[in-house]
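Inspection log for the structure reproduced underneath, given as structure tokens.
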Amino acid sequence: SPDVNGMIIKLIRGGRICQAYEVFSILLGKNFIPNIFTCNSILFSLCKSGQSYVTLSLFYSLRKKGFSPNVYSYTAIVLGFSKEGLWKEAYCVLKQMQDEGCMPTVVTYTIVIKFLCIYNKFREAFDIFKAMDKKGCPPDLVTCNVVLHALCYHGSFTEAYNFIQVMQEKGFIPDQFSYSALASGLLKAGFVNKSTDLLSQVIFEGNNTVDVVTLNVYFHSLCCNGKVKKVQGMIKSMMEKGFVPTTITYNTILKGLCKEANTDEALLVFDKFSHGGNEADVVSFNTILSAACKQGNSSLIRRVFTRMGIEGIKLDTIGITCLMQYYGKIGKPQECYTLFKYMILHGHIPSTITYNVLLDSLCKNGFLACAYRIFHEFKNMGNFPDTTSYNILINASISKSDYFFTKHLLTDMYRQGLQPD
RNA sequence: UUCCGGUGCUUAUUAGAG
């Protein structure tokens, strides 16, 4: 049985969750409860895959069989509910664990704070952050980095810089996580040069640990400045000194080249994938596919498909959305809609962007009424609609001089708790 | 405490200005 425990954990580490769960179930069926490390690993991986209610019932049935949970077990379930934005449930588990004398750790709170921020619940996130000291469980550097990342991601840089100040006063020295969070926030907000400058300092002037992620953000910032060639040169010479790029490094370059409309060069980089240790992934393919779709380059689209088939990579939501955009662009909204139905049929969940692309494709081809019907059909699925969804419809209504409808859309937008940008 | 938990990087959507 020690071997079985180890086996399950190895399966999980290798990402083979289903097999791990299968083995786990067989053991339970024989009334054998694996050790707590193994049970916790299973609970975590189930929660991470977004099945928190399944996890919860597994948790209860384990307990009936004599499993006694520890703080890791509860933290797993808190993670699951937080990740899905099920806050009532998450808080309930937090309370229940304390009632049972199992105190949350800094990790538990950090998880809750991270997901509260992702769901735009900053007020509550900050309340928990402040309450941690009183609970005898003060924030650590990871907690600070989570908060810092949220601030930067939303473009609140004044607050971010103040926060770093406070961090330092408390003795937390910003590390590579802090700097890459700050730099990528700056990039996202369009402060490209600030991002590059910050990372140049971190990488070349300080004696900081520089890892591949920090470098990837740095390369990204250079690419945003049109310096792809420079990046390619740097990587080449760094590799001679032992630097090992990742697939993300290459994908960043791919995107940079595509943005310069240099798809030929991009394809060359793409070909090098198979030679190095890195393999092209679905992001690499989507990057090329997106460029091909924007150019209306159908032969390149076909080449990407062929290649994906050979490498056994399946189209995902983003890839299909690119194609939908292509069909909208070449005046075939019906094909766009067909693809949309295809993706649902094949079990892909459309994202808000997918819905928006569909709406825009219909609107741009003169089917505003149809777009509005679909808008209603999918309203409140996930985050849809967002501000962009309304912008698309409003733009179409104005093009048709249907200002009555424009006004209706604006009213509806406020009713959804959204504001014009 | 050689087996369990938390932080940073890459791909898709609208308008205007240039």
Side-chain angles (χ1 to χ4, degrees), chain A residues 2 5-6 8-10 12-13 35-45 47-48 70-76 78-79 105-115 140-150 152-153 175-185 187 211-221 223 246-256 258 281-291 293-294 316-325 328 351-361 363-364 386-396 398 421:
Chain A
N5 282 305
I8 292 175
I9 288 178
K10 272 184 194 140
I12 290 173
R13 286 198 182 147
N35 71 32
I36 189 162
F37 298 141
T38 310
C39 290
N40 287 341
S41 296
I42 289 279
L43 294 175
F44 267 102
S45 57
C47 281
K48 279 190 179 148
N70 64 8
V71 62
Y72 286 69
S73 330
Y74 284 107
T75 300
V78 170
L79 170 81
T105 64
V106 59
V107 175
T108 320
Y109 290 121
T110 303
I111 289 171
V112 176
I113 290 174
K114 172 184 170 176
F115 288 105
D140 63 9
L141 183 56
V142 175
T143 319
C144 290
N145 282 338
V146 166
V147 173
L148 182 64
H149 175 255
C152 295
Y153 187 83
D175 64 359
Q176 48 200 345
F177 286 83
S178 327
Y179 289 122
S180 53
L182 181 52
S184 63
L187 253 188
D211 69 356
V212 65
V213 175
T214 314
L215 285 168
N216 284 342
V217 183
Y218 178 63
F219 296 146
H220 187 195
S221 76
C223 287
T246 62
T247 298
I248 293 182
T249 317
Y250 287 116
N251 287 343
T252 304
I253 295 173
L254 275 184
K255 169 69 180 175
C258 287
D281 63 6
V282 69
V283 174
S284 329
F285 282 101
N286 285 339
T287 304
I288 307 278
L289 187 60
S290 164
C293 287
K294 281 184 182 138
D316 67 0
T317 302
I318 292 183
I320 297 173
T321 306
C322 291
L323 284 171
M324 287 172 59
Q325 205 184 346
S351 68
T352 300
I353 296 183
T354 311
Y355 295 120
N356 289 345
V357 168
L358 177 61
L359 294 184
D360 193 50
S361 157
C363 287
K364 291 271 165 59
D386 63 3
T387 303
T388 301
S389 324
Y390 282 98
N391 285 343
I392 290 166
L393 294 174
I394 288 171
N395 185 41
I398 292 175
D421 61 6

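Proteins get letters first, then strands, A, B, ... in listed order; numbering begins at 1 in each.
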For atom [atom1] of [X] and atom [atom2] of [N], their distance in whole Å:
X: A:Asp175; N: B:G6; atom1: CG; atom2: C1'; answer: 14 Å
X: A:Asn145; N: B:U7; atom1: CG; atom2: P; answer: 11 Å
X: A:His149; N: B:G6; atom1: NE2; atom2: C1'; answer: 14 Å
X: A:Phe219; N: B:C9; atom1: CZ; atom2: C1'; answer: 11 Å
X: A:Ile253; N: B:U11; atom1: CD1; atom2: P; answer: 13 Å
X: A:Asn216; N: B:U11; atom1: CG; atom2: P; answer: 12 Å
X: A:Leu215; N: B:U10; atom1: CG; atom2: C1'; answer: 14 Å
X: A:Leu187; N: B:G8; atom1: CG; atom2: C1'; answer: 13 Å

NA contact type, [X], heavy-atom cut-off 4.0 Å: base, sugar-phosphate, or nothing?
X: A:Val212; answer: nothing
X: A:Thr110; answer: base
X: A:Thr214; answer: base

Can you tell me if [X] uses its side chain to pair, donor with acceptor, with the backbone of [Y] under 3.5 Å?
X: A:Ser290; Y: A:Asn286; value: no
X: A:Asn5; Y: A:Asn35; value: yes
X: A:Asn216; Y: A:Phe219; value: no
X: A:Ser361; Y: A:Val357; value: no

Is it true that the side chains of [X] and [Y] contain a donor and an acceptor less than 3.5 Å apart?
X: A:Asn356; Y: A:Asn391; value: no
X: A:Thr214; Y: A:Asp211; value: yes
X: A:Ser41; Y: A:Thr38; value: no

Exercise for the section: First locate atom OG of A:Ser45, then atom CG of A:Asn40, and finally report the distance between them rounded to the nearest 0.5 Å. Expected result: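 Output value for this atom pair is 10.5 Å.
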Problem - Value rounded to 0.5 Å, distance of CG in A:Leu79 from OG1 in A:Thr110 - result: 12.0 Å
Exercise for the section: Tell me whether A:Phe177 is stacked on the nucleobase of B:U7, counting only the six-membered base ring and applying the 5.5 Å and 30° thresholds. Expected result: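 Ring-base stacking flag set for A:Phe177 and B:U7.
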Practice task
Compare the aromatic ring of A:Tyr72 with the six-membered base ring of B:C4 and state whether they stack according to the 5.5 Å and 30° rule.
Solution key: yes
Candidates [options] - which lies nearest the side chain of [X]:
X: A:Ile248; options: B:G6, B:A12, B:C9; value: B:C9
X: A:Ile318; options: B:C4, B:G5, B:U11; value: B:U11
X: A:Val283; options: B:U11, B:G6, B:G8; value: B:U11

base_contact_polar ([N] base, [X] side chain, donor-acceptor, <3.5 Å):
X: A:Thr75; N: B:G6; result: no
X: A:Asp140; N: B:G6; result: yes
X: A:Asp211; N: B:G8; result: yes
X: A:Thr108; N: B:G6; result: no
X: A:Ser351; N: B:A12; result: yes
X: A:Thr105; N: B:G5; result: yes

Exercise for the section: Using only side-chain N and O atoms of A:Lys114, determine if any of them is under 4.0 Å from OP1 or OP2 of B:U7. Expected result: yes
Problem - Phosphate OP1/OP2 of B:G5 contacted by A:Lys48 side-chain N/O (<4.0 Å) - result: no
Problem - P atoms of B:U1 and B:G5, separation to the nearest Å - result: 16 Å
Completion exercise
Heavy-atom contacts, protein to nucleotides 13-18 of chain B, under 4.0 Å, summarised as B (base), S (sugar-phosphate only) or - (none) per nt, yield BBS---
Problem - Dot-bracket encoding of pairs in RNA chain B, which uses [ ] for pseudoknotted crossings and | for another strand, Watson-Crick or G-U under 3.5 angstrom - result: ..................
Practice task
Assess whether side chain to side chain donor-acceptor pair (under 3.5 Å) is satisfied between A:Ser351 and A:Thr354, documenting all intermediate values.
Solution key: CA-CA 5 Å; A:Ser351 68; A:Thr354 311; 3.0 Å; yes
Problem - Partners meeting side-chain hydrogen bond (donor to acceptor under 3.5 Å, both in side chains) with A:Asn395 (sequence neighbours left out) - result: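 Residues passing side-chain hydrogen bond (donor to acceptor under 3.5 Å, both in side chains) with A:Asn395: none at all.
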